[in-house]
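Predicted model only: the values in this text are computed from it and were never measured.
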Amino acid sequence: PTTSYHGDWQHLVNGFLQGVGASSGLLDTVFAVNEQYTDRSNQPLTNHSVFMGSSTDVDAYPASGCTDPAPFLSADRLLINKVHVTVCLTDEQVRVELGRFISAHKLPTGMGTIYYLLTPPGVAMCLDGGGPTGHCSDYTGAVGETSYKNSFCSYHGAINPGALESGSASTVLYAAIPWTAGGKGDTHLLPPDRRSAFDCQDGGFNQTVSPPTTEKPEEETKEEKEEFEAATKVEKEKKEEQKEREGAHVQEPNQAPCPSIDGGCDTGLADMIIGQVAIEQQNITTDPLLNAWQDVAHFEATDECRNYFEPVFGGNLSVGESEEGTEGSWAGSLYNQQLNGLNYYLQTAFNLAAFTFSYPGVPCVPGLILQPQFTSPNPVNAGEVVGFDGMESAITLNAGVKYPASGEPTANYPTYTWDFGDGTPEVSGFAPGSASQNSPAASPCEAPWLEPCAASTFHSYEYGGTYQVTLTVKDVGGNTASITNPVTVDGPAPPAPPAPPAPPNPGTTTAGDNGSASSNVSSGSHKTSTGESPGRTAPLAATQAVSSHDLGSALRNGIVVHYSVSSQATGRFEVLLAGSIAKKIGLHGPAAKGMAKGTAPQIVIAKAILVTTKGGHSSYKIKFSKATAAKLRKLSKVSLMIRMVVHNASSPVATTVLSTASLSR
């Protein structure tokens with residue numbers, strides 16, 4: 001006997017949840033911010049979600065267990081035998097139906113599954129008996145009155161047999177998402193029910209300025225009221241329309257062109273429901289049983305950034321100015337999140353680390369920033385001490401809490417790891433002091449920092465050359481990113497590497513680059529060289545290692561490869577990508593030939609020429625074309641093969657070295 005959940009609304013909500021899953025692991029979403037929360041097993045919350053599908057529950061509603069403070073009036077959907085029928089569900093009724101539905105379809109339970117129960121317009125929910133003072137999804141009266149103060153937009157709970165502190169395999173985590181989007185633009189409803197419901201999107205605050213402020217619109221003056229009363233009916237209608245157009249209104253970035261398939265302009269109403277789903281997704285993952293993260297006032301994570309939507313990425317604030325033509329929806333089209341190619345207007349996420357450190361120090365953020373940074377010294381001399389300051393880095397999750405073996409909460413901070421590019425041991429530690437490895441007389445890290453410190457570090461180079469220095473930062477959520485900058489050192493050349501081992505006997509075979517056979521595998525990389533014929537010079541000895549780890553940096557600046565050769569050499573580098581992945585992202589290239597038997601088909605997606613005048617070790621950046629980089633940006637992580645093929649002037653016998661580069665955002 002109630003209105004239905006329209007198909008276009010279902011499509012948008014389901015598409016959003018699918019987009020959340022498709023964006024798993026990305027840093028630029030509100031859901032990534034929750035990685036700062038750690039459980040007592042010292043495991044941080046992972047930014048990983050899987051949309052398992054949805055279903056329409058066709059069971060009849062039970063008799064109302066509460067009183068809806070503001071029931072719908074739309075007779076075309078809510079009249080049975082000329083009698084108004086309202087549906088008001090209590091939390092107990094929601095739990096009973098959810099449990100029955102899960103049991104009937106043998107659906108999974110446990111702490112790794114979340115259920116969202118969404119109801120259509122005309123179905124209210126209350127946490128008590130409801131009525132004018134009840135705690136319900138509807139409210140009566142004006143903003144600020146008791147009914148409004150007691151109302152809610154959504155909530156989450158748990159069916160937890162035995163009330164176990166950490167839940168069990170039988171626990172059901174759920175969120176109740178009643179229809180709180182109003183009915184603006186919905187021609188299926190009577191005019192009184194076509195009201196705007198911005199309360200659950202922006203709190204009813206003033207969005208007539210950009211960015212929106214928390215200042216409420218000024219009340220009309222006595223003169224303005226008198227002028228309105230003296231106006232004609234047509235003039236009043238125009239004034240009311242102008243007032244509504246300029247006042248607070250909802251933002252619907254997914255509103256289809258008006259009219260939509262059902263004749264109305266109401267598709268975008270689902271954007272407000274999506275906002276509530278996003279809020280409860282964060283609340284459930286950080287406080288699933290209502291005994292986890294809450295502040296001293298028992299506010300959950302999303303309460304800390306209530307009504308904060310900045311920064312806005314695009315769209316239009318004003319009614320009817322969207323490129324999609326949303327005039328009849330009476331909505332704007334602002335958006336501040338992009339998931340799986342679609343735009344959304346979501347409340348930003350709370351960053352607890354902002355209350356520990358002033359940089360970046362933003363408490364409400366739309367996603368994470370993890371940008372390792374340091375400035376290379378100017379050319380220096382061998383033996384001189386030079387400094388590298390990783391405190392330039394921008395890290396959103398730069399403070400948190402971890403649980404060691406004792407189970408007691410301990411402050412946690414990002415780790416900084418330095419590879420100086422000269423073969424010396426890496427230096428790793430916390431911010432901001434120097435590591436004892438290269439500053440033995442430095443004072444220990446001062447509180448609150450953990451030992452050892454390494455964000456700011458020093459190093460000296462023994463020999464001249466250009467060295468690629470790599471800083472890798474790991475934030476408290478476990479995300480890592482790297483940056484590599486060159487340092488030029490004036491001084492004597494490094495000594496030549498030791499002579500290569502004696503060549504294998506002729507006839508010893510494995511697959512080589514040119515399809516002939518040889519055998520020679522080194523630790524840390526896969527190296528093959530062609531067979532040697534009697535009377536020819538021994539093959540060139542060569543090694544390589546990839547230091548790039550961050551996908552974004554590699555696409556912008558190139559993949560950094562450290563290599564060594566035993567003598568003057570010429571050859572090439574090739575970057576190889578599995579053919580199956582290349583096909584998925586629409587990337588084309590020549591097939592890689594001469595791969596070892598059993599290797600999956602690869603294509604060559606980047607090349608670079610290598611020419612040296614003598615033996616030694618150095619680094620090289622293999623850069624991608626703009627077109628290739630654009631295709632690879634579709635991936636959040638990828639594994640590439642780097643193939644180096646070299647030979648010296650005295651021998652045409654080629655040496656091939658294969659390394660694997662695992663890149664992620």
Side-chain angles (χ1 to χ4, degrees), residues 418-426 461-470 472 482-489 491 493-501 512-514 518 520-530 537-550 553-554 557-576 592 594-596 602 604-624 639-663:
W418 296 91
D419 180 346
F420 299 107
D422 59 353
T424 57
E426 290 184 340
Y461 290 90
E462 186 176 0
Y463 302 106
T466 298
Y467 300 91
Q468 299 295 331
V469 180
T470 299
T472 300
S482 300
I483 186 173
T484 299
N485 291 328
V487 174
T488 299
V489 180
D513 176 66
N514 63 0
S518 71
N520 187 4
V521 180
S522 63
S523 175
S525 64
H526 307 289
K527 182 174 74 173
T528 63
S529 59
T530 59
T537 304
L540 182 74
T543 64
Q544 72 167 0
V546 182
S547 65
S548 295
H549 305 288
D550 180 67
S553 177
N557 306 315
I559 295 179
V560 179
V561 180
H562 305 297
Y563 70 91
S564 68
V565 290
S566 58
S567 62
Q568 179 180 354
T570 60
R572 68 185 186 276
F573 290 105
E574 295 177 340
V575 181
L576 312 181
M595 301 299 294
Q602 307 283 318
V604 180
I605 61 173
K607 287 184 178 182
I609 300 299
L610 175 64
V611 178
T612 71
T613 58
K614 59 184 177 180
H617 60 269
S618 187
S619 300
Y620 198 97
K621 281 188 178 180
I622 310 172
K623 295 190 175 183
F624 297 100
S639 180
L640 302 171
M641 287 186 184
I642 313 300
R643 181 161 66 174
M644 181 174 74
V645 183
V646 290
H647 63 84
N648 56 27
S650 60
S651 173
V653 179
T655 296
T656 300
V657 184
L658 276 177
S659 295
T660 300
S662 296
L663 308 176

Is the shortest heavy-atom distance from the side chain of [X] to the side chain of [Y] under 4.5 Å?
| X | Y | value |
| --- | --- | --- |
| M644 | L610 | yes |
| S659 | M641 | no |
| V546 | V560 | no |
| T660 | S639 | yes |
| F624 | V575 | yes |

Going from [atom1] on [X] to [atom2] on [Y], what distance comes out if it is rounded to the nearest 0.5 angstrom?
| X | Y | atom1 | atom2 | value |
| --- | --- | --- | --- | --- |
| T424 | E462 | OG1 | CD | 10.5 Å |
| T570 | I609 | OG1 | CD1 | 9.0 Å |
| L640 | I622 | CG | CD1 | 10.0 Å |

- prompt: Given Y563 and Y620, is the ring pair (Phe, Tyr, Trp, His ring centres under 6.0 Å) satisfied, shown in steps?
  reply: CA-CA 8 Å; Y563 70 91; Y620 198 97; 7.3 Å; no
- prompt: Is a side-chain N or O of T655 found less than 3.5 angstrom from the main chain of A542, in a donor-acceptor match?
  reply: no
- prompt: Between the side chain of Y461 and the main-chain N/O of Y467, is any donor-acceptor distance below 3.5 Å?
  reply: no
- line: Minimal heavy-atom distance between G558 and S548, with the atoms involved, is O-OG, 3.9 Å
- prompt: Which pair of non-hydrogen atoms, one from Y463 and one from P495, has the smallest distance, and what is that distance?
  reply: CZ-CD, 3.4 Å
- prompt: Who passes side-chain contact (heavy atoms from CB on, under 4.5 Å) against S553, sequence neighbours left out?
  reply: D550, R556, N557
- prompt: Can a donor-acceptor pair be found between the side chains of S619 and H562 at a distance below 3.5 Å?
  reply: yes
task: Report the C-alpha separation of V561 and Q468 in whole Å, then their side-chain angles, then the decisive distance to 0.1 Å, and conclude whether the side chain to side chain contact (heavy atoms under 4.5 Å, CB included) test is met.
output: CA-CA 9 Å; V561 180; Q468 299 295 331; over 6 Å; no
query: Going through the distances and angles, do S482 and T470 end up as a side-chain hydrogen bond (donor to acceptor under 3.5 Å, both in side chains)?
result: CA-CA 7 Å; S482 300; T470 299; over 6 Å; no
message: Applying side chain to side chain contact (heavy atoms under 4.5 Å, CB included) to V604 and L576, what does each step give before you reach the verdict?
response: CA-CA 5 Å; V604 180; L576 312 181; 3.6 Å; yes
query: What residues, two or more places apart in sequence or in another chain, satisfy side chain to side chain donor-acceptor pair (under 3.5 Å) together with N485?
result: none
message: As a quick check of understanding, evaluate side chain to side chain contact (heavy atoms under 4.5 Å, CB included) for W418 and V469, giving each step before the final call.
response: CA-CA 7 Å; W418 296 91; V469 180; 4.1 Å; yes
Sole candidate of E574, Q602, Q544 that passes side-chain hydrogen bond (donor to acceptor under 3.5 Å, both in side chains) when paired with R643: E574
field: Flag if over 12 foreign heavy atoms under 6.0 Å of NZ, K621
entry: yes
message: Between K614 and T612, does the side chain to side chain contact (heavy atoms under 4.5 Å, CB included) criterion hold? Intermediate values first, please.
response: CA-CA 6 Å; K614 59 184 177 180; T612 71; over 6 Å; no
